[in-house]
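For clarity, every value in this text was computed on a predicted model and none was experimentally measured. A, B, ... follow the sequence lines: proteins, then strands. Residue 1 opens every chain.
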Protein chains: 2
Amino acid sequence: MLIEIDFNSDEAFYMQIRNQVILNIAYGYLAPGETLPSVRQLAEDAGINMHTVNKAYSVLKQEGYVKIDRRRGAMIDIDYDRMKVLMELKSELRLVIAKSQCKKINREDLHALIDEIYDEKMEE
Amino acid sequence: MLIEIDFNSDEAFYMQIRNQVILNIAYGYLAPGETLPSVRQLAEDAGINMHTVNKAYSVLKQEGYVKIDRRRGAMIDIDYDRMKVLMELKSELRLVIAKSQCKKINREDLHALIDEIYDEKMEE
DNA sequence: ATTTCTGTTATATCAATCATATAACAGAGA
DNA sequence: TCTCTGTTATATGATTGATATAACAGAAAT
């Protein structure tokens, strides 16, 4: 798994890692049961501090994407609490939709955009 | 327009204001041409500092939701740069979709959820 | 003309967060 | 025993979030 830090981004390093791990899972590059690199290894590869990686892993654990075993490290283990996920997703989408409406992006535009994103994943 | 700060939230005050303004516009409670309360007025009403409100307004200006006139204050004036908006929306949705996929929320679920949010706005 | 309302700018301070650094610890495996 | 895990503890520096006080320029109302 490749993770790269954009040192010029205004997004926190640990959030960049967290997001890239989520994207890797979604794309199928990381399957449940597989382990993430150790905090020290990833820190070295990415050129950042161990604790920053550790924070990213802690967030991923808290959000239900990995479980951390002292010996094996962080393993992909997803918590499927559908109700919880739908609630969180809904409040996140409420703001996305509000922003869209302000900018005259309507319901159909949004549906189309989502399909577009789903379809672009097939091109690889 | 009513804006309330959740002092227990971990979300920055200026982002809470920014988000609530966007929601107010989307819901039609704030129309283009209307003005926001003055930074001092809103600060007093919400129980926070003037500069925090000022920061929220600056962000809203930078994101193309308001224009600020020295005499009138912040006026709703939306920049409709469709291409720009679609690009930003797309990268935002990519992560939302990735998170959803990890949690076994599929394409149809997402479409349904969006319709659900659109429809709930009609109930008022 | 003076007062009063805008946003804006300049400082300063304090707390929290982000990132780094060094160091040590416990547990598991080779 | 050595080496690999994550974990914990401390410390430091930079940045951000929020507050505070103060002053300024421009416009509007009286």
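- For residues 16-45 of chain B, the set of pairs meeting the salt bridge (charged side-chain N to carboxylate O under 4.0 Å, His left out) definition, not counting sequence neighbours, comprises Arg18(B)-Glu63(B).
- Between Tyr57(B) and Tyr14(B), a ring centre-to-centre spacing not shorter than 6.0 Å is recorded.
- Using a 4.0 Å heavy-atom cutoff across all strands shown, Arg40(B) reaches at least one base atom of the nucleic acid.
- Bounding nucleotides for the chain A contact on DNA chain C, 5' to 3', at a heavy-atom distance below 4.0 Å, are dC18(C) to dG29(C).
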Would you tabulate the nitrogen or oxygen pairs shorter than 3.5 Å linking the protein to nucleotides 26-30 of chain D?
none

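- By the side-chain hydrogen bond (donor to acceptor under 3.5 Å, both in side chains) test, His51(B) pairs with Asn49(B), sequence neighbours left out.
- Atom-to-atom distance recorded for Asp69(A):CG and Asp77(A):CG is 11.0 Å, nearest 0.5 angstrom.
- Between Asp79(A) and Lys61(A), no side-chain nitrogen of the basic residue sits less than 4.0 Å from a carboxylate oxygen of the acidic one, so the salt-bridge criterion is not met.
- For the pair Glu88(B) and Lys99(A), the salt-bridge criterion is not met [side-chain N within less than 4.0 Å of a carboxylate O].
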Under 3.5 Å, which N/O atoms of the protein pair with N/O atoms of nucleotides 17-19 of chain D?
from    : atom 1 : to       : atom 2 : distance (Å)
dG17(D) : OP1    : Tyr14(B) : OH     : 2.9
dG17(D) : OP2    : Lys55(B) : NZ     : 2.3
dA18(D) : OP1    : Phe13(B) : N      : 2.5
dA18(D) : OP2    : Phe13(B) : N      : 3.4
dT19(D) : OP2    : Asn49(B) : N      : 3.0
dT19(D) : OP2    : Thr52(B) : OG1    : 2.7

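- The side-chain tip of Lys103(A) points at the ring of Tyr65(B) from less than 6.0 angstrom away and within 45° of straight on.
- Residue pairs meeting the ring-ring contact (aromatic ring centres under 6.0 Å, His included) criterion with at least one member in residues 95-117 of chain A, sequence neighbours excluded, are His111(A)-His111(B).
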Pair Phe13(B)-Lys55(B), side chain to side chain contact (heavy atoms under 4.5 Å, CB included): steps then yes or no: CA-CA 10 Å; Phe13(B) 296 169; Lys55(B) 180 161 186 177; over 6 Å; no
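- Taking atom CZ on Arg72(A) and atom C1' on dT5(D), their separation rounds to 12 Å, with Å as the unit.
- Atoms CG and CD1, on Asn106(A) and Ile97(A) in that order, are 11.5 Å from each other to the nearest 0.5 Å.
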